[in-house]
Amino acid sequence: MEKSVSNNHHLHLRTMLTLSQPPPSSSASFKTQLRAFPKRLTVRASAGRRHCEFSSLNAPLEPRSLVGKFLGGVLQNRRQLFHVVAKEELKMLSEDRDSAIARMIISQNSDEALLHRRIAKVKEDECMVAISDVMYLLILYKFSEIRVHLVPKLSSCLYNGRLEILPSKDWDLESIHSMEVLDIIRQHVSTVTGLKSNPSVRESWETTPIRHSWLARVYVASILYGYFLKSVSLRSKDVMLGNKNDMQSVWHDLIRQEEGIEDIKCYVMSFHPDSFQRCAKLRSKEAVQLVENHSNALFGNGKSGLSQHDDVIVTSFSSLRRLVLEAIAFGSFLWETEDYIDNVYKLKDHEVK
């Protein structure tokens with residue numbers, strides 16, 4: 001019987017663990033070395049009367065796979081090794097999956113065909129969970145580079161029906177975008193929150209009642225918007241550099257006017273609404289699973305990603321803006337991470353209907 005993905009990684013992880021620390025004594029086992037790393041990312045939130053504070057690698061979603069838990073420990077304790085280890089894990093996951101598929105194909109006409117089909121399916125499912133974890137941790141790394149921690153589970157920031165998120169980190173979250181893209185983002189934030197682009201302090205801290213379900217939908221939609229803008233900003237650069245033939249082959253029938261595109265804003269505004277919805281959809285099934293799991297963990301329990309009751313909560317416009325800007329950054333980082341992973345581990349296409 002095929003060994004699980006987690007078992008296949010033990011020898012490799014042992015090697016990686018020794019890269020940045022003295023060799024263990026002969027009596028030290030690999031399990032002892034693993035204990036040096038936290039098995040999961042933890043949320044540290046300290047509650048005040050009106051705000052939640054969070055620090056360290058604070059994320060609502062916890063890794064489910066051994067690979068994800070291990071990389072979480074590396075990210076916290078051996079940050080300088082994170083990308084090296086992550087790439088090696090991606091290579092091994094790819095080899096594990098490809099080997100299982102190859103054995104399934106070879107055994108198609110044998111008595112063991114059914115067994116190997118089942119093994120390949122189990123391996124594929126295990127790898128999908130692990131890849132989703134790796135994708136999430138790569139995104140967390142990108143957030144840590146701009147010194148922003150993801151908002152923890154909203155339940156930890158709710159006090160007597162009031163939601164406040166501090167610090168806002170607006171400037172840090174905006175810093176990852178070009179000025180052209182940032183102008184579009186600010187319009188999006190104003191549209192969904194009702195807050196003008198340059199609000200006063202008083203206006204930012206005014207409160208408004210919102211439904212929990214509405215906030216969850218806005219957050220996910222903003223992830224997709226950030227994902228779309230990242231893609232379109234790169235493709236628009238191709239147009240402005242003169243590579244219009246390539247653009248026409250990739251984006252055929254998706255934009256109303258291609259001639260005369262001067263900047264990213266014009267390019268974005270030239271999309272039909274239906275075309276925008278198609279383009280904003282995620283490319284891989286792993287990314288779809290990640291966004292669903294992250295939003296579920298952030299906003300509540302259950303598959304719906306919402307709390308048991310769709311309560312009305314009160315929050316400031318500043319907190320709304322913080323959540324929207326975080327979601328847009330998450331989408332932008334997701335596009336980059338998905339592109340990076342796909343060059344090492346072939347992701348499963350998400351068919352757009």
Side-chain angles (χ1 to χ4, degrees), residues 43-56 58-60 139 142-230 265 268 294-295 298-300 306-307 310-333:
V43 173
R44 299 184 183 93
S46 61
R49 291 185 61 187
R50 287 192 152 187
H51 64 276
C52 63
E53 296 176 351
F54 40 94
S55 60
S56 187
N58 194 2
I139 291 172
K142 288 180 175 293
F143 272 105
S144 71
E145 285 187 308
I146 59 171
R147 302 193 179 192
V148 173
H149 308 300
L150 289 178
V151 173
K153 295 180 180 181
L154 288 193
S155 58
S156 69
C157 297
L158 275 169
Y159 308 103
N160 297 322
R162 169 88 180 251
L163 172 68
E164 281 305 345
I165 301 169
L166 292 174
S168 62
K169 290 288 188 177
D170 292 353
W171 184 89
D172 305 88
L173 290 165
E174 290 180 341
S175 68
I176 67 172
H177 307 291
S178 69
M179 290 306 298
E180 287 180 299
V181 171
L182 187 56
D183 182 49
I184 301 171
I185 288 172
R186 286 172 175 167
Q187 290 185 33
H188 171 76
V189 173
S190 295
T191 299
V192 299
T193 66
L195 188 65
K196 62 184 182 182
S197 297
N198 296 304
S200 65
V201 174
R202 181 185 61 81
E203 290 169 332
S204 294
W205 288 104
E206 286 182 352
T207 60
T208 181
I210 57 171
R211 286 199 172 274
H212 197 267
S213 59
W214 179 87
L215 189 57
R217 288 196 297 270
V218 166
Y219 189 89
V220 173
S222 296
I223 288 178
L224 297 180
Y225 196 65
Y227 182 93
F228 167 75
L229 286 178
K230 185 56 164 184
K265 185 174 180 179
V268 172
H294 171 65
S295 61
L298 176 62
F299 288 98
L306 305 177
S307 60
D310 186 15
D311 299 327
V312 174
I313 59 178
V314 175
T315 189
S316 67
F317 287 100
S318 177
S319 293
L320 284 179
R321 183 174 57 194
R322 166 68 167 86
L323 279 169
V324 173
L325 287 174
E326 174 184 292
I328 293 171
F330 191 102
S332 180
F333 290 153

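Computation of the quantities below employed the complete heavy-atom set of this structure, encompassing side-chain atoms and omitting hydrogens, waters and symmetry-equivalent molecules.
Residue S168 holds its OG atom at 6.5 Å from CZ of R321, rounded to the nearest 0.5 Å. Here the CD1-CD distance, from I313 to E164, works out to 10.0 Å after rounding to the nearest 0.5 Å. In this structure, CD in E326 is found 8.0 Å from CD1 in I223, a value given to the nearest 0.5 Å. Taken to the nearest 0.5 Å, the OG1 atom of T315 stands 9.0 Å off from the CG atom of L154. The distance from the OG1 atom of T191 to the OH atom of Y225 is 8.0 Å, given to the nearest 0.5 Å. Considering CD1 of I165 and OG of S318, their distance stands at 8.5 Å, rounded to 0.5 Å.
Side-chain contact check for C157 versus P152: some heavy-atom pair is nearer than 4.5 Å. Using a 4.5 Å heavy-atom cutoff, the side chains of L325 and I185 are in contact. The side-chain heavy atoms of H188 and L229, taken from C-beta on, include no pair separated by under 4.5 Å. Looking at L215 and L320, their side chains come closer than 4.5 Å, going by heavy atoms from C-beta outward. In this structure the side chain of D183 never reaches within 4.5 angstrom of the side chain of M179, judged on heavy atoms. Taking the side chain as every heavy atom from C-beta outward, I328 and H177 approach each other to under 4.5 Å. At least one side-chain heavy atom of L173 sits less than 4.5 Å from a side-chain heavy atom of R322.
Formation of a donor-acceptor pair under 3.5 Å by the S332 side chain with backbone atoms of A329 is not found in this model.
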Apply salt bridge (charged side-chain N to carboxylate O under 4.0 Å, His left out) to the pair E174 and R186, showing each step before the final yes or no. CA-CA 9 Å; E174 290 180 341; R186 286 172 175 167; 3.1 Å; yes
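Between W205 and L166 the shortest heavy-atom distance is CH2-CD2, 3.3 Å. Minimum interatomic distance between T207 and F317 (heavy atoms only, all atoms of both residues): O-CE1, 4.3 Å. L298 and V151 make their closest contact through CD1-O, 3.5 Å (heavy atoms, listed as atom of the first residue, atom of the second, distance).
The aromatic rings of H294 and Y219 are tilted relative to each other, their planes meeting at an angle between 30° and 60°.
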